[in-house]
Amino acid sequence: MSVDLIFKIAAVGIIVAVLNQLLIKSGRDEQAMLTTLAGLIVVLGVIVREVSRLFDTIKSVFGL
Amino acid sequence: MDIFKIVVFALPSCLLCILLRQYRPDYSFAVSIVSGIIILLYALPALSNVFKSIDSFVRKANVNTVYIKTAVKIMGLSYITQFSSEMCRDAGENALASCIEVCGKIIMLALSLPIAEALFKLTEGIIP
């Protein structure tokens, strides 16, 4: 029940949102897009790792 | 494996999902996926010793274990299908969710074919 993973993803989301606003207001729209993509890739890495752990557990429990 | 831990974990993550929905909807979807997965990872291993005891009962009553294995497989399959289709529906992709459900049903049908076949062979033997 590792709760910190959820807070890590939420933190990345909030930081990317703030950075996005900051960069857009200061006129650098490309960097805003890049930071959004970077944040999304980090979160996708976490999700893929968790999904693979879940599917391995289901395979071992249900013998699929 | 107590329900309070699950509830105490699920409510804050729901709150986080709502919080993130206004600013970054994609991260709120990510938070809901990961929290669902973590709860499942916490709850699923309890099932494995249930299946072990069922297996020992079945072996004692020397029923053919192929049917029980298929039933357990279908259960796992339905579980994954339901989980992923609900996640897609949560994100608003109803078409994708029903697509997953249709494919899950097809796989379950294919898996349960040998059992139906054995049933028909049994009934053929009875009816002269």
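Letters A, B, ... mirror the listed sequences (proteins, then strands); counts begin at 1.
Heavy-atom distances place both the backbone and the side chain of A/Thr36 under 4.5 Å from chain B. Using a 4.5 Å cut-off between heavy atoms, A/Val3 contacts chain B through both its backbone and its side chain. Heavy atoms of B/Leu111 lying under 4.5 Å from chain A are absent altogether. Contact annotation for A/Val18: neither backbone nor side-chain heavy atoms come within less than 4.5 Å of a heavy atom of chain B.
Transitive grouping of hydrophobic side chains (ILVMFWY, heavy atoms separated by less than 4.5 Å) brings A/Phe55 and B/Met87 into a common cluster. Follow the hydrophobic side-chain contacts under 4.5 Å out from B/Ile54 and you reach B/Leu47 in the same cluster. The same ILVMFWY cluster, assembled from side-chain heavy atoms under 4.5 Å apart, contains both B/Val34 and B/Val7. A single hydrophobic cluster is seen to contain both B/Leu11 and B/Leu19, as judged by linkage of ILVMFWY side chains at heavy-atom distances under 4.5 Å, directly or through other members. Both B/Val31 and A/Val51 sit in one connected hydrophobic cluster of ILVMFWY residues. Membership requires side-chain heavy atoms under 4.5 Å apart, directly or through other members.
Interface remark: of the candidates B/Asn49, B/Leu41, B/Val50, B/Leu41 forms the most heavy-atom pairs closer than 4.5 Å to chain A. Put simply, of A/Leu5, A/Ile14, A/Leu40, A/Val16, the one with the most heavy-atom pairs under 4.5 Å next to chain B is A/Leu40. Among the candidates B/Tyr42, B/Tyr23, B/Phe83, the residue making the largest number of heavy-atom pairs closer than 4.5 Å to chain A is B/Tyr42.
For A/Asp56, there are no salt bridge (charged side-chain N to carboxylate O under 4.0 Å, His left out) partners at least two apart in sequence or on another chain.
The distance from atom CG of B/Asp26 to atom CG of A/Leu44, rounded to the nearest 0.5 Å, is 9.0 Å. The CG atom of A/Leu54 lies 11.0 Å from the CD1 atom of B/Ile33; values are rounded to the nearest 0.5 Å. Atom-to-atom distance recorded for B/Leu77:CG and A/Ile58:CD1 is 9.5 Å, nearest 0.5 angstrom. Expressed to the nearest 0.5 Å, how far CZ of A/Arg53 lies from CG of B/Leu40 amounts to 11.5 Å. From A/Leu64, atom CG reaches atom CD1 of B/Ile80 across 5.5 Å, with rounding to the nearest 0.5 Å. Rounded to the nearest 0.5 Å, atoms CZ (A/Arg49) and CD1 (B/Ile37) are 11.5 Å apart.
For the residue pair A/Val12 and B/Tyr27, the shortest heavy atom distance occurs at CG1-CE2, 4.0 Å. Between A/Ala17 and B/Arg24, the shortest heavy-atom distance links the atoms CB-CG, 3.7 Å. Considering every non-hydrogen atom in both A/Ala10 and B/Leu16, the closest pair reads CB-CD2, 3.6 Å. Pairing each heavy atom of B/Pro45 with each of A/Val61, the nearest pair is CA-CG2, 4.5 Å.
Residue B/Phe51 qualifies as enclosed at atom CZ: its count of foreign heavy atoms under 6.0 Å is above 12.
Proximity to chain A at a heavy-atom threshold of 4.5 Å picks out B/Val72, B/Lys73, B/Met75, B/Gly76 from residues 66-76 of chain B, in numerical order.
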